[in-house]
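Note on naming: letters A, B, ... go to the chains in the order of the sequence lines (proteins, then strands), and numbering restarts at 1 for each one.
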There are 2 protein chains.
Amino acid sequence: MRKPVRIFEVAREAGVSPSTVSKVLNGTQRMAAATEARVWKAVSKLGYHANLHAQILSTGRSRALGVVILDILNPHFTALVKGAGQVAAERSYTVLLADAEENPRREQELIQSLKARTDGLILAGSRLSDEEIVALHSPEQPIVTVGRRIAGVPSVTVDEYTASLQLTSHLIAQGCKHITYLAGPPFWVNQERERGYRDALQQAGLAPQVLSLTTPDLLGGEQASALLWAARPFPDAVVCYNDLAAIGLMASLKTLGVKVPQEVAVAAFGNHPLAAHLSPSLTHMEIPSRKLGELATGLLVELLECPREEAIQVIQYAVLRPRESSIIRV
Amino acid sequence: MRKPVRIFEVAREAGVSPSTVSKVLNGTQRMAAATEARVWKAVSKLGYHANLHAQILSTGRSRALGVVILDILNPHFTALVKGAGQVAAERSYTVLLADAEENPRREQELIQSLKARTDGLILAGSRLSDEEIVALHSPEQPIVTVGRRIAGVPSVTVDEYTASLQLTSHLIAQGCKHITYLAGPPFWVNQERERGYRDALQQAGLAPQVLSLTTPDLLGGEQASALLWAARPFPDAVVCYNDLAAIGLMASLKTLGVKVPQEVAVAAFGNHPLAAHLSPSLTHMEIPSRKLGELATGLLVELLECPREEAIQVIQYAVLRPRESSIIRV
DNA sequence: GGCGTTTTGGAAACCGCTTTCCATAGAGAA
DNA sequence: TTCTCTATGGAAAGCGGTTTCCAAAACGCC
C-alpha cells in the first residue's frame, strides 16, 4: 500500500518549501521560471495530487455543485442532469447528484449531505415546503430551484400555465367536450398546470373534472384508468400531469379495450424519449428538461462567482407536439 | 451571514474542551452522564454540525461511495443507481453519482474526482481498458465493477452468455432461420452476448450474421434498420444488444413497413420499463439492474469494512420475458 | 557605489476536527 | 487514613493543504 504523496515531499524533491509548491500549483504567485519548472518536475515525478479535503478545508470552496432530483427513474430529471453535467464541466465544476426518491425526509438528508460537500445546490422537483427551501438558501450557499417558483429563491421554470392553456386548447380544438385533468402532487408545477387547464375550459364554456394520480409515474397512470372508468360523464379526453402517467394510462386503457384517441384522447406534459415511438404516439407539451438543467447550472455558477441580492427567475417555454394520441380524424 | 458554529464554541458553551465534545458526539469515549447532557444541549442550542471536510481530513474516511454509470439516460443504469442508493442508505453511506456519458476521457476525470471524495467506487458499464481498471483498484480504495469481469477486480455481473443462449434459442424455437445479432460496444457484456448467440446458432446448424450498432441506444437502433435492409439474406429475427436499440429498431422498421414479429422477430437484453407497454411489446432477457446495484453496493461496503485479498465475483441470472415482438403464430 | 524597488521564496498561522496520551479526582481496598 | 485503580476530561499533535506576511536577493537608476 503506497501512501499518497504529500505536498511536503514534493517540496523536498524540488528543494523548495511547501508554500512555494502550493503557489506554483495554484498560480497564486509568480515564481522564477526555473523554480516553477523544478516544482512541476517534482510533481510529475512523484505523481502528486493534492488532497481534496485538505484543500477544501483550507479554501472553503469545493468547486462542486449538488443536484437533487425527485426521481432518477423519471426521464425528465435524467435529461435535466445531462444538461447540468455539461454546463458544470464547461465551467469546471463537479456535479454531485442525489436521488430524493420522492421522499421529503430522504430529500432533506441528501440536501444536508450535499450542502456539506458543495458550493451550491440545484433542487429539481423538490417536495419540501416553501419555508424549508427559503431557509436553505443563502448568498454563501445559493440554491436554484427547477420547477418551483418561490419568492426570494432563484429559479428556472417553464411557463406551465401557458403550456397547459395551449395543451387543453388543442384538445378543445379537436372537438373534445369532457376533458379530465389527471393531477400530480400538489406543488407548483401541478398548480400551474391545473390552473391553465381550468382557465382553458372556462373560456370554452366547458366543465372541469379533476382526478388525482396516486403517483406521477407509470403505475399511477395505470391505476388512474379505474378512476376514469368510474367518472361520469366518461371523458373524451384526458390531460395528464406527466407523460409517464399518460403512458401508464394508455397501456391500461388498451387492456380495457378503450380506444385512444377515438374514444378518449390523451395528452400530457414532458419529453419522454419514447413519446413518439409508442402506438399511438403521445401528444405532449414538450418540456425542455435538458435546457432547464443547463440554465439552472449556469445560473448557480453565476451566483457563486458574483453573488447578487435579488433572486433571478429564469423562464422557459414548452412546445406543443401534437401526435396520434390526440388527433381525432372523423 | 452567520458563520457556521465550530466545535470550539460548543465546547465553550458546554464548559468542556473540544476533545470532549468530539468524544461525546462520536461516542468514542464514555463521559459522565452530566457532561454528555451538557454537550448535547450545547450542540442543539447552537445548531452545531461538524465540518465534513475537517472530519474526513482527520479520519481519512468519508463514508461515501462513488457510482460511475455509463449513461444516465439508459434505464438500466438508473435502476441500478436506485438499488445502490437503497443499500447505501441502509448501511449509512452516501452515494455520489456521476454520469460518464459514454466517454472514456470524461469517465477517467469523474473517477479521479470521485476517488478523492469517496471510500470506494462502483463502475457500471465502464469503457476503460482492463488495465486501467486494475490500476484503479486497491484494498484501501476498492472498486467493484458491474457488467465487467476482470481478474483481480471484484465484480457483479449477469451470466450474459447463458442469457444469450436462452434468448437466441427462444427465437430458434419460434422457427426463425436467419437470426441477426446487432452488436453493442466491444466490451465484456457484448462479447458474452455475442458468444452465446453464436453458440446457440451453431448448435442449431444456423449461420450467424453480426452487424454493429453505431451506438447502443434509441438512435443506434433506428440507424440499424438501414443495415438490416441491406443484409442478405434479410433476417427473420434480430437479437439486439439492448432494449433501447430494439425499441429504436422497431420504430424504424414500422416506418419502413416491415411487420414485427411477422416479418422480423425482435428480442433484446435489458429491463426497460416500457418494454411491456409497446406495440408490439418487446421480448427480452430481463436483466436485474436494480439487484445488480444492490449487490454491488453490498459487496463494496463489505470490502470496506473487512478488506479481503481475493476478488469476489458475484453472478446473477437474467430471465426470459417472451412478449409479442417474438411470438410468431402462424 | 548607494539607495529604493521589485522579485522571489520561506516561516508560521490557520482551516476544523480527531485521537493519543496524560493528569487528576474520586472510589474502593487495606 | 493511605494507597491503588478506574473513571473522567484536557492538552497538544496531527490530518494536508493555503495564505498572509516578511526577509533577502536582485535589479534599475542616479
* To do: Using the test side chain to side chain contact (heavy atoms under 4.5 Å, CB included), find all partners of B:E109 that sit at least two apart in sequence or belong to another chain.
  => B:R106

* What residues, two or more places apart in sequence or in another chain, satisfy side chain to side chain donor-acceptor pair (under 3.5 Å) together with B:T157? -> B:R149

Distances for protein N or O near nucleotides 22-26 of chain C N or O, under 3.5 Å:
none

* **A:S62: partners by side chain to side chain contact (heavy atoms under 4.5 Å, CB included), with sequence neighbours left out** => A:I56, A:A64, A:D119

* Side-chain N,O (A:N51) to OP1/OP2 (D:dC15) below 4.0 Å -> no

* Interface residues of residues 32-42 of chain B with DNA chain D (non-hydrogen, below 4.0 angstrom) -> B:A32, B:T35

Considering only nitrogen or oxygen atoms on both sides, find all protein atoms under 3.5 Å from nucleotides 12-14 of chain D and state each distance.
unit_1 : atom_1 : unit_2 : atom_2 : d
D:dG14 : N2     : B:S58  : OG     : 3.3

* Structure fact -> In short, side chain to side chain donor-acceptor pair (under 3.5 Å) pairs touching residues 30-48 of chain B with sequence neighbours left out are B:E13-B:K45

* Give B:S22 one of three labels, base, sugar-phosphate or nothing, depending on what nucleic acid heavy atoms sit under 4.0 Å from its own. => base

Got a list of side-chain donor-acceptor pairs under 3.5 Å for residues 295-303 of chain A, not counting sequence neighbours?
unit_1 : atom_1 : unit_2 : atom_2 : d
A:T297 : OG1    : A:G293 : O      : 2.7
A:E302 : OE1    : A:R91  : NH2    : 3.1

* Output all residues satisfying side chain to side chain donor-acceptor pair (under 3.5 Å) with A:K82, sequence neighbours left out; order by chain, then residue number. => B:D71, B:D99

Name the atoms and distances for all side-chain donor-acceptor pairs under 3.5 Å in residues 304-311 of chain A, with sequence neighbours left out.
unit_1 : atom_1 : unit_2 : atom_2 : d
A:R308 : NH1    : A:E310 : OE2    : 3.2

* Structure fact -> When B:Q29 and B:A54 are each assigned the nearest nucleotide of DNA chain C, the 5'-most assignment goes to B:A54

* Sorted by first residue and then second, give each ring-ring contact (aromatic ring centres under 6.0 Å, His included) pair with at least one member in residues 65-123 of chain A; sequence neighbours left out. => none

* Kindly calculate the angle separating the two end axes of the helix from C:dG1-D:dC30 to C:dA30-D:dT1, each obtained from five base pairs, and round it to 10 degrees. => 40°

